[in-house]
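Report on one structure; see the data block that follows.
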Amino acid sequence: MIGIGLGLTGHALAGSRPLIVLSGQTIDDDSPAGSPVATISMENTTAAPWSFTLEEDAGGMFALSGNALVTGSTALDHDEVPFPRITITVTAGEHSIRQSFVINVRRPLPALPLAAGAKVVGFGHSFIQRGGWAIVAGGLPKDVATSIVRGVLPWIRLRDNRFNLDAWPDLTNNLGQDNFITGAFQGRGGDHVVREGNAPGTLGRTPYVASLRPGIVYLDIGTNDISSGAGVDSPRKMIERLDRQLSLLRNQGIWTVVQTITDRGPWPEGSEKASIVAGVNEWIKAQATREGVRVCDLTHAGFNYPDFDTTLFGGDVLHPNPKGAERMADVLLPILQDMVQAGDHMDLSETAVLASSNLWSDAAFASSSPAGGTGASGTRVSTLSISRASGDSVATCSVEAAENYKRQVVAFTPSGTPTGNRHEEWRIARTAALTLSAVAITPGVDWLESGIHVELNAWEGWLSVYWQMEFYNNANAQVFIARGGLQNADYTTQDLPFATEGFAGWLKIPPFQVPVGIDATTLRIATRPLVVNINRRVSGQGIIKISQPFLRKCADPRPAWNLA
C-alpha cells in the first residue's frame with residue numbers, strides 16, 4: 001500500500017493516523033468490466049460518513065461502485081501494465097484523506113486438468129540441472145542429454161508420455177557450468193531464490209521461465225539458501241523468499257508444484273540447518289490450499305529426518321542418485337497426472353512407429369541370423385549387431401515374435417570377476433551406418449526424434465541403458481550426439497533401481513536438430529545406438545527385450561515454447 005493520508009487529529013483514534021484500506025489488491029487480467037477488486041474501508045478514525053472518489057483510475061482500468069473498487073471499461077493487461085497505480089480520496093465534511101495504491105494485475109490460471117501435451121518446466125537448483133545437459137564446443141552444440149536419471153524429470157518422461165518435457169540446446173541460455181539447455185530443464189547448480197554470490201536467483205530467472213509459457217512449473221529450490229543464504233538463520237527468512245517466488249509465478253498465470261526441501265547428510269538430525277528445513281517444510285505443506293499451488297511432499301519419502309535414507313543419495317549424501325530420483329518421481333508423478341489429462345505428447349503408437357516415415361528401415365525386426373559379436377551367441381535380428389565392448393561376461397541372444405514385429409532378446413550372464421572395473425559395456429547396434437543424404441536429413445533444417453522400446457527384468461545388475469544418435473563427419477570424427485532413456489551418469493558407482501521390479505517402456509530422445517556447420521555426414525547407428533552397462537560382479541542374469549526402434553522427422557519444438 002503506497003500513499004499519503006491527511007486528516008484532523010480530532011477525528012483519529014489516539015496514536016494512529018487515519019488510513020484507507022483495500023480488502024484486496026490483485027485481479028486477473030481477463031476480468032470483465034465491473035468485476036470486484038476490493039472493498040474500501042477506513043481505519044483509525046471515528047469520522048463518518050465517508051464518501052469515496054477515484055482520482056486516478058489507471059487510464060480507465062478501474063472504477064468505483066459505492067465503497068467497492070471494480071474493474072473499469074479499459075481492459076486490464078498483465079503484459080503491458082502489470083502494476084497499475086490508482087489514487088483514492090475519501091472525504092467526511094471538510095476532512096479528506098488521499099492515498100495511492102498499486103494493483104497487481106495477474107495472468108489468469110488455466111483450468112485444470114490441462115490438455116495432454118502440457119509443458120512442464122523444472123525450475124530450481126542442481127537437482128534439476130543434473131537431469132539434463134547441452135554441451136557446446138566451438139560455439140556449436142556437441143552433446144545433448146535429456147534423460148539423466150539422477151534427476152526426477154527424466155523419470156517422469158519415462159513413465160508417462162502425456163507431458164511436454166522437450167529440451168534442446170540454446171546458445172543464449174547458459175545455466176551454469178556451460179550447460180546451454182532450454183525448454184523443460186531450467187535448473188542451475190548452486191542457485192538460491194534471491195540473487196547472491198554466484199547464484200543468479202530464481203526470482204531473477206522467473207521472467208525467462210515465464211516467457212516459455214509453461215502450464216506447470218515444478219519448483220525445487222531452497223536447500224542452497226539454507227546452506228549459505230545471507231541471513232537465513234531461521235525458517236522465517238526462507239519462507240519470505242519462497243512466498244515471493246510463489247507469488248511471482250502465480251502473477252504469470254502458471255501453476256506451481258513446489259517441492260519440500262530435502263535434508264543433507266552433513267546436516268545431522270536436530271542441527272540448526274535441519275531445524276530450519278523442518279520449519280520451512282511445514283510452511284510449504286501448508287501451501288497446498290494456496291491458489292495456483294500444489295505441493296510435492298517428500299518429508300515422509302526418505303529425504304528428511306527422522307526417516308533420512310542415505311541410499312537415496314550419491315556419495316555426497318546431498319544429491320539424489322537414480323534410486324532417489326525415482327523415489328521423487330513416485331511422489332511427483334501422481335500430482336502431475338492429476339493436473340494434466342491423459343494422452344500422448346509424442347506419438348508412440350505401433351502404427352506410427354512402424355510407418356514408412358520411420359527412417360529406421362527395419363523397425364519391425366523382420367529377419368533373423370546367428371549372433372556372432374564379441375561375447376554373444378545365439379540368434380540376432382539380421383539388421384542388428386550385439387557385442388561386448390568391455391569386460392568379460394557373456395550374452396545369449398534370441399528373437400521372439402510380438403504381433404507384427406519381433407523382439408530382440410539378450411540375456412547377460414555376469415562373469416563374477418572380482419578385479420578391475422565392476423562395470424562393463426554392451427552395444428546393440430544396426431549393422432550399417434546411414435548417410436544423412438540417403439535418408440534426406442538436412443542439418444540445421446530438420447528436427448528429429450527417436451526412441452526404442454525396452455523391457456528389463458528385475459535384476460540388481462543394471463547400471464545404465466540408453467539410446468543415442470551419433471553423428472560423424474567425413475574425417476570419421478564424432479561431431480554431435482543426442483541421448484535419451486535410462487542414462488546413468490554415475491554408473492561406475494550407482495545402480496539403476498530395478499532389482500525388484502525391472503522396467504518396461506520407451507527410451508526416448510525428444511526433438512533435436514543436427515547443427516549446421518559441423519559437416520555431419522553420417523549417422524553412426526552401427527556403433528552403439530543402444531548402450532547397456534551391467535555390473536559383472538553380481539549374480540543372476542539380466543534379460544533385456546528390445547523392439548520397435550524409430551527415427552523420424554518431427555516438428556520444431558520451439559514455437560510451442562514461445563522461442564521461435
Side-chain angles (χ1 to χ4, degrees), residues 147-149 158 321-323 326 365 368-402 405-431 451-468 470 483-507 525-549:
S147 296
I148 305 170
V149 291
L158 285 162
N321 59 18
K323 179 181 176 181
E326 186 204 33
F365 287 167
S368 305
S369 301
T374 302
S377 62
T379 304
R380 63 178 171 88
V381 170
S382 297
T383 51
L384 293 181
S385 65
I386 303 165
S387 182
R388 188 184 65 224
S390 65
D392 55 358
S393 301
V394 295
T396 302
C397 308
S398 59
V399 178
E400 65 179 30
Y405 58 92
K406 295 181 178 180
R407 291 190 185 98
Q408 176 69 65
V409 182
V410 183
F412 301 101
T413 302
S415 65
T417 302
T419 59
N421 294 329
R422 71 166 190 154
H423 57 88
E424 68 179 34
E425 181 174 305
W426 287 78
R427 300 174 182 177
I428 301 171
R430 190 182 170 108
T431 53
I452 193 167
H453 194 275
V454 301
E455 299 174 37
L456 308 175
N457 71 325
W459 186 50
E460 62 180 331
W462 300 116
L463 300 182
S464 193
V465 182
Y466 61 98
W467 183 245
Q468 63 185 28
E470 295 181 273
R483 318 176 197 227
L486 291 156
Q487 186 180 356
N488 180 6
D490 305 310
Y491 69 93
T492 60
T493 60
Q494 304 292 323
D495 304 332
L496 291 177
F498 299 143
T500 57
E501 295 185 2
F503 172 82
W506 288 94
L507 309 184
I525 54 178
T527 306
R528 50 178 178 272
L530 184 62
V531 179
V532 181
N533 294 108
I534 67 168
N535 185 345
R536 62 178 181 156
R537 296 179 185 171
V538 303
S539 60
Q541 192 175 61
I543 300 172
I544 183 172
K545 296 183 179 182
I546 306 157
S547 61
Q548 302 179 88

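Residue numbers count from 1 along this sequence.
- Of all the heavy atoms in R427 and A389, the pair that sits closest is NE-CB, 3.5 Å.
- Here the side chains of L507 and L158 are in contact, with some heavy-atom distance below 4.5 Å.
- In this structure, W467 and P549 have side chains that are in contact, with non-hydrogen atoms separated by less than 4.5 Å.
- Every residue meeting the salt bridge (charged side-chain N to carboxylate O under 4.0 Å, His left out) condition with R422, not counting sequence neighbours, appears here in chain and number order: D495.
- A 4.5 Å side-chain heavy-atom check between Q408 and C397 finds at least one atom pair inside the cut-off.
- Applying the ring pair (Phe, Tyr, Trp, His ring centres under 6.0 Å) criterion to Y405, with sequence neighbours excluded, gives no partner residue.
- By the side-chain hydrogen bond (donor to acceptor under 3.5 Å, both in side chains) test, K323 is found to be paired with T311, residues two or more places apart in sequence or in another chain being considered.
- Residues in residues 370-396 take part in these salt bridge (charged side-chain N to carboxylate O under 4.0 Å, His left out) pairs, two or more places apart or across chains: D392-R536.
- A heavy-atom distance below 4.5 Å is not found between the side chains of E460 and N535.
- Legend: residues meeting ring pair (Phe, Tyr, Trp, His ring centres under 6.0 Å) with W459, ordered by chain and number and at least two apart, are W462.
- Taking 4.5 Å as the limit, every side-chain heavy atom of F503 sits out of range of all side-chain heavy atoms of L496.
- Separating the CZ atom in R537 from the NE2 atom in H423 is a distance of 9.0 Å, to the nearest 0.5 Å.
- Between V532 and F412, some side-chain heavy-atom pair lies under the 4.5 Å cut-off.
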In a table with atom names and distances, give each donor-acceptor pair under 3.5 Å that connects a side chain of residues 538-546 to protein atoms at least two apart or in another chain.
unit_1	atom_1	unit_2	atom_2	d
Q541	NE2	T413	OG1	2.9
K545	NZ	E400	OE2	3.4

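- Listed by chain and residue number, Y466, N488, Y491, N533 satisfy the side chain to side chain contact (heavy atoms under 4.5 Å, CB included) test with S464 (two or more places apart in sequence, or in another chain).
- For S387, the side-chain hydrogen bond (donor to acceptor under 3.5 Å, both in side chains) criterion is met by no residue, not counting sequence neighbours.
- D490 is linked by a side-chain hydrogen bond (donor to acceptor under 3.5 Å, both in side chains) to R150, counting only residues two or more places apart in sequence or in another chain.
- In this structure S382 satisfies the side chain to side chain contact (heavy atoms under 4.5 Å, CB included) test together with S367, S369, sequence neighbours excluded.
- A458 pairs by the side chain to side chain contact (heavy atoms under 4.5 Å, CB included) definition with nothing, not counting sequence neighbours.
- Every residue two or more places apart in sequence or in another chain that forms a side chain to side chain contact (heavy atoms under 4.5 Å, CB included) with S390 is listed here: E424, E425.
- Considering every non-hydrogen atom in both V410 and A395, the closest pair reads CG1-CB, 3.7 Å.
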